[in-house]
Amino acid sequence: GAAVTTPWPTIRKTPGERAQANLKNYEAATSRFRWEAARAELAGLPGGGLNIAHEALDRHIQAGGGARLALRWIGRDDQVREFTYAELAAQANRFASLLSSLGVKKGERVYSLLGRAPELYFAALGTLKAGAVFTPLFSAFGPEPIRARMEIGEANVLVTSEALFRRKVEAWRGEVPSLRHVLLAGCAGDPPSGALALEPALAGASPTFETERTAPEDMALLHFTSGTTGRPKGAIHVHEAVVAHHITGRTALDLRPGDTYWCTADPGWVTGTSYGIISPLTNGVTLVVDEAEFDTERWRRILREQAINVWYTAPTAVRMLMKAWSQDPRPYEAPALRFMASVGEPLNPEAVTWGVEAFGRPFHDNWWQTETGGIMIANLASMDVKPGSMGRPLPGVEAGVVERSPDGSVREIDKPMAMGELALRPGWPSMMRGYLHEEARYRKCFADGWYLTGDLAMRDSEGYFWFVGRADDVIKSSGHLIGPFEVESVLMEHAAVAEAAVIGLPDPVAGEVVKAFVALKAGFEAGEALRRDLLGHARKRLGAAIAPKDIAFRQNLPKTRSGKIMRRLLKARELGLPEGDLSTLESEER
Ligand code: AMP
């Protein structure tokens, strides 16, 4: 079998580039890799146990690195706040002390709903220190996704801002029985009743705290993700995950102590936690956090002024930068930049090679998902880059392309460029330990010794993986995973809607955009006014990040004989693609 042929030539790495990389030789590193050895690089807690925040902060302080800069935060208004490792640890300790004074116990759930504010970082690390479970929510979520995730995960504490609380939570706060404490950042005056102002509470809390003696298998993080059907799923991650966060930061992102590193992902999603908080800190780098939203000029300025060495971003952002460049191809000034990586959705080969044109180096695509907790497949600094490929499995990771049989068994397809489901051999430390309270859905992810990812992919003869698409109906828009069922449920709340189906349509910048199809109840008139009303309803309930951008009316929606709406058929029709196997379509719909 030949390697894949694409019009995009392989970007070769020079011997100099290979020699400089953390991981210099892929084959050698892969053959001798052992997770136990990676684990031995971390300190562990004095007296036993493992805690992510200890590895991220205290380990460096104990080794004399407390004065190194851990976090440089740039506010929307360009105000800068800096925290050394010792200062960040003190802030995390204050948060942990506060939790403890509130009676929050080990294993209880602390949710954040914050923009990229310094308090988010204090809360994440302080929660872990206290032995509680940290669950970040995306601040652009509307009330419905927030509430659903807080109910499913039985939130005990919510850390948010006064503004977000008033807009999105206050109306139903009393209806989540597990929620005992609401901590509000940025309170202008007295906090609303039943809430506590965060900054004064932190100022009054002790900056020393003895990290809770967590065990490697204790739950540390709960990250929500979506499937095709049902409610969002809470993927459970444990403290042991830090072993993978640490080592993959070094191999896949080429992080080195003292680097200045910018991860543009929001900590409301898994990348922003694993690689926006934990991995950079365990690797001793300075984390740059920009509070503001994407802006081409601002990003140009951050890369230059902050002297970013390693930059981890996402395809949608790269495509927006490319678009701006096509109108105004001014060179980027980023002399400190050494490594650029991208994750979250397919990275077009154009974007990889544009990196070479604009920055003198390619973007390195890598692949992982909420469930895997850390990067699994990557283009490494020492590795030739095939534009359009996600790269090769990291040392310690075994990936395959598999085929499911109707009887549920799974078989590896060992033929180059054959398409199948991307699967991984379980066993790496950051693998999810379950979906909270969803044992059956968790078990369905495994067969014959494989973890099935839900992605379709191919592997070429040199072991590079190529993303083909999702095996299910979930949507990726600007890197955010959207479950169609969650969107459909909100549309169904509207008095006019009898049925709803939601699909993702290709978009040159966002990857996919959400489009909804609805059938109306008798007595309702399809038209522009209702369309706008529905779009407004969805936006208000779901938030702009996951609400549909477009709605079309249909008399009926195509369904299987068992009554399942055939989203794939709607999509095929919308895109003018072959309709595929219609044997299960309900007859009147044909
Ligand atoms: P999430 O759980 O939100 O991180 O989303 C994970 C999903 O994003 C994967 O299952 C893929 O469908 C998609 N994804 C992540 N990284 C890549 C990549 N490099 N190329 C293509 N799709 C990706």
Side-chain angles (χ1 to χ4, degrees), residues 136-138 141 145 149 221-228 232-237 241 245 248 252-253 263-276 312-319 340-349 351-352 355 362-380 385-394 397 399 401 419 421-424 430-432 435 445 451-459 464-484 486 504 506 510-512 545-546:
L137 297 178
F138 187 41
F141 278 156
R149 285 160 180 74
L221 302 160
L222 184 66
H223 281 297
F224 280 90
T225 185
S226 300
T228 301
K233 301 176 275 190
I236 297 167
H237 291 285
H245 295 148
T248 56
L253 300 180
C263 170
T264 65
D266 191 277
W269 302 89
V270 72
T271 305
T273 308
S274 293
Y275 296 97
Y312 194 21
T313 189
T316 296
V318 176
R319 288 189 288 261
M340 317 194 298
S342 163
V343 73
E345 12 158 4
L347 183 65
N348 337 41
V352 176
F363 284 97
H364 294 74
D365 189 15
N366 60 51
W367 179 96
W368 59 291
Q369 50 182 199
T370 304
E371 287 83 347
T372 70
I375 301 170
M376 295 282 109
I377 296 177
N379 288 284
L380 304 177
V385 172
K386 300 189 188 186
S389 160
M390 312 191 284
R392 291 193 275 187
L394 290 186
V397 174
V401 172
M419 194 191 39
E421 187 164 353
L422 178 61
L424 303 161
S430 64
M431 175 58 175
M432 69 162 164
Y435 290 127
C445 301
Y451 162 68
L452 304 162
T453 68
D455 282 355
L456 301 173
M458 307 183 288
R459 173 173 50 195
Y464 283 71
F465 282 77
W466 300 76
F467 182 80
V468 174
R470 289 286 308 190
D472 57 17
D473 290 339
V474 300
I475 299 157
K476 261 278 160 127
S477 186
S478 301
H480 304 146
L481 196 78
I482 300 172
E486 194 167 23
E512 286 187 301
I546 55 179

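Just so you know, these numbers use all the heavy atoms, side chains as well, and skip hydrogens, waters and symmetry mates. Note that this is a predicted model, so its numbers are computed, not measured. Just so you know, ligand 1 is whichever comes first in the structure, and atom 1 is the first atom listed for that ligand. Index from 1, following the sequence.
Residue Asp365 has at least one heavy-atom neighbour below 4.0 Å for each of these atoms of ligand 1: 18 (C), 19 (N). Using a 4.0 Å cut-off to heavy atoms of Asn366, the atoms of ligand 1 that qualify are 16 (N), 18 (C), 19 (N). Listed by number with element, the atoms of ligand 1 under 4.0 Å from a non-hydrogen atom of Pro346 are 20 (N), 21 (C), 22 (N).
Between the side chains of His245 and Ser274, at least one donor N or O sits under 3.5 Å from an acceptor N or O. No side-chain N or O of Tyr451 forms a donor-acceptor pair with one of Thr372 less than 3.5 Å apart. For the residue pair Gln369/Thr225, the side-chain donor-acceptor check at 3.5 Å is not satisfied. Side-chain polar atoms of Tyr464 and Asn379 form no donor-acceptor pair below 3.5 angstrom.
With a 4.0 Å heavy-atom cut-off, ligand 1 is reached by no atom of Leu347. Under 4.0 angstrom from ligand 1, the non-hydrogen atoms of Asp455 all belong to its side chain. At a heavy-atom distance under 4.0 Å, only backbone atoms of Trp368 (N, CA, C or O) approach ligand 1.
Looking at Thr453 next to ligand 1, no N or O pair under 3.5 Å apart turns up. For Gly344, a nitrogen or oxygen atom sits less than 3.5 Å from a nitrogen or oxygen atom of ligand 1, counting backbone and side chain alike. Residue contacts with ligand 1: Glu371 is placed with no nitrogen or oxygen under 3.5 Å of a nitrogen or oxygen of the ligand (distance criterion only).
Nearest protein neighbour of atom 1 (P) of ligand 1, counting heavy atoms only, is Thr370 OG1, 3.4 Å.
Of the listed options Glu345, Lys476, His364, Arg470, Glu345 places a heavy atom closest to atom 18 (C) of ligand 1. For atom 10 (O) of ligand 1, the candidate residues are Gln369, Met390, Met376; the nearest heavy-atom contact is made by Gln369.
The cationic atom of Arg149 (NZ for Lys, CZ for Arg) lies less than 6.0 Å from the six-membered ring centre of Phe141 and within 45° of the ring axis.
You'll find the ring centres of Phe467 and Trp368 outside the 6.0 Å limit.
Between Glu512 and Gly504, the shortest heavy-atom contact is OE2-O, 3.7 Å.
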Stepwise side-chain contact (heavy atoms from CB on, under 4.5 Å) check, Leu422 with Phe465: CA-CA 9 Å; Leu422 178 61; Phe465 282 77; 3.7 Å; yes
